[in-house]
Amino acid sequence: GNSVTQMEGPVTLSEEAFLTINCTYTATGYPSLFWYVQYPGEGLQLLLKATKADDKGSNKGFEATYRKETTSFHLEKGSVQVSDSAVYFCALMSYNTDKLIFGTGTRLQVFP
Amino acid sequence: SQTIHQWPATLVQPVGSPLSLECTVEGTSNPNLYWYRQAAGRGLQLLFYSVGIGQISSEVPQNLSASRPQDRQFILSSKKLLLSDSGFYLCAWKGGGADQPQHFGDGTRLSIL
């Protein structure tokens, strides 16, 4: 079946450090891929998405590239801020279903 | 623009009491609607989804039920809450199109005593 695997957290960084959160997936066909962010006590917000191979999603300085050859969708940011501290979820949606499959989430903690 | 509302934001209920959580969407028609539960420190579990009025699919057997009495209203219910029902409940909607994302509400934090 379809699944998403994320690196375990927490990821602890100093402000202005480079961020990578790894995400790999298993799916039949060509899924759409998403990153969501959850700030403390809040719901999930869509951060970025990519719908086909080699697409790059970007938003608020975050980027992720849909790599079909490695079945990956790693999240990156060149310089993190304290306000980026949150839980990040990678997710996929198969081409034939409207249901999201989530990874377990990765907590990011950024210190000044 | 589209918005999604969930209420209440927090709820404390005794074991064995009933539950009703409500979710409404504005600014779109015939959305897909979803209920998720997030246990403390864990990922999201899809509980129910609906593609139209009165159409509910259950993903896991449990103590909860869902209803969709109107196009943009989705209700999560229980007749008798269990301790294991504690968690953070999230409602989401999705528009048409295979690659459209789901959009989430702010959630309801449910504590069972």
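A note on names: the letters A, B, ... follow the listed sequences, proteins ahead of strands, and every chain is numbered from 1.
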Above 12 or not: heavy atoms from other molecules or residues under 6.0 Å from CD of A:E16?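 Counting other residues, nucleotides and ligands, CD of A:E16 stays at 12 neighbours or fewer.
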What is the distance from atom CZ of A:F102 to atom CD of B:Q38, rounded to the nearest 0.5 Å?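 One gets 9.0 Å once the value is rounded to the nearest 0.5 Å.
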Rounded to the nearest 0.5 Å, what separation is found between the OH atom of A:Y39 and the CG atom of B:D106?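 Taking OH in A:Y39 and CG in B:D106, the distance rounds to 13.5 Å.
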For A:Q38, is it the side chain, the backbone, both, or neither that has a heavy atom closer than 4.5 Å to a heavy atom of chain B?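 Just its side chain gets close to chain B.
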Tell me whether B:L90 shares a hydrophobic cluster with B:I75, the cluster being built from Ile, Leu, Val, Met, Phe, Trp, Tyr side chains joined at under 4.5 Å.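 No, B:L90 and B:I75 fall in different hydrophobic clusters.
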For chain B, which of A:G43, A:S94, A:G105 has the most heavy-atom pairs under 4.5 Å?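 Highest number of heavy-atom pairs under 4.5 Å: A:G43.
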Is a side-chain donor or acceptor of B:Q102 paired with a backbone partner of A:L46 at a separation under 3.5 angstrom?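 Judged by distance alone, no pair lies under 3.5 Å.
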Where the side chain of B:Y34 meets the backbone of A:K99, is there a donor-acceptor pair that is under 3.5 Å apart?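 Checked: no pair found.
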Can you name the nearest heavy-atom pair linking [X] to [Y], along with the distance?
X	Y	answer
A:F34	B:P101	CE2-CB, 3.5 Å
B:F88	A:E42	CE2-O, 3.4 Å
B:F104	A:L44	CB-O, 3.3 Å

B:Y49 vs A:D98, test: side chain to side chain contact (heavy atoms under 4.5 Å, CB included). Steps then yes/no. CA-CA 9 Å; B:Y49 73 97; A:D98 283 342; over 6 Å; no
Between A:M93 and B:Q100, does a side chain to side chain contact (heavy atoms under 4.5 Å, CB included) hold up when you go through it step by step? CA-CA 9 Å; A:M93 186 181 301; B:Q100 293 302 303; over 6 Å; no
Residue B:Q45 versus chain A: region with a heavy atom under 4.5 Å: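 No part of it gets close to chain A.
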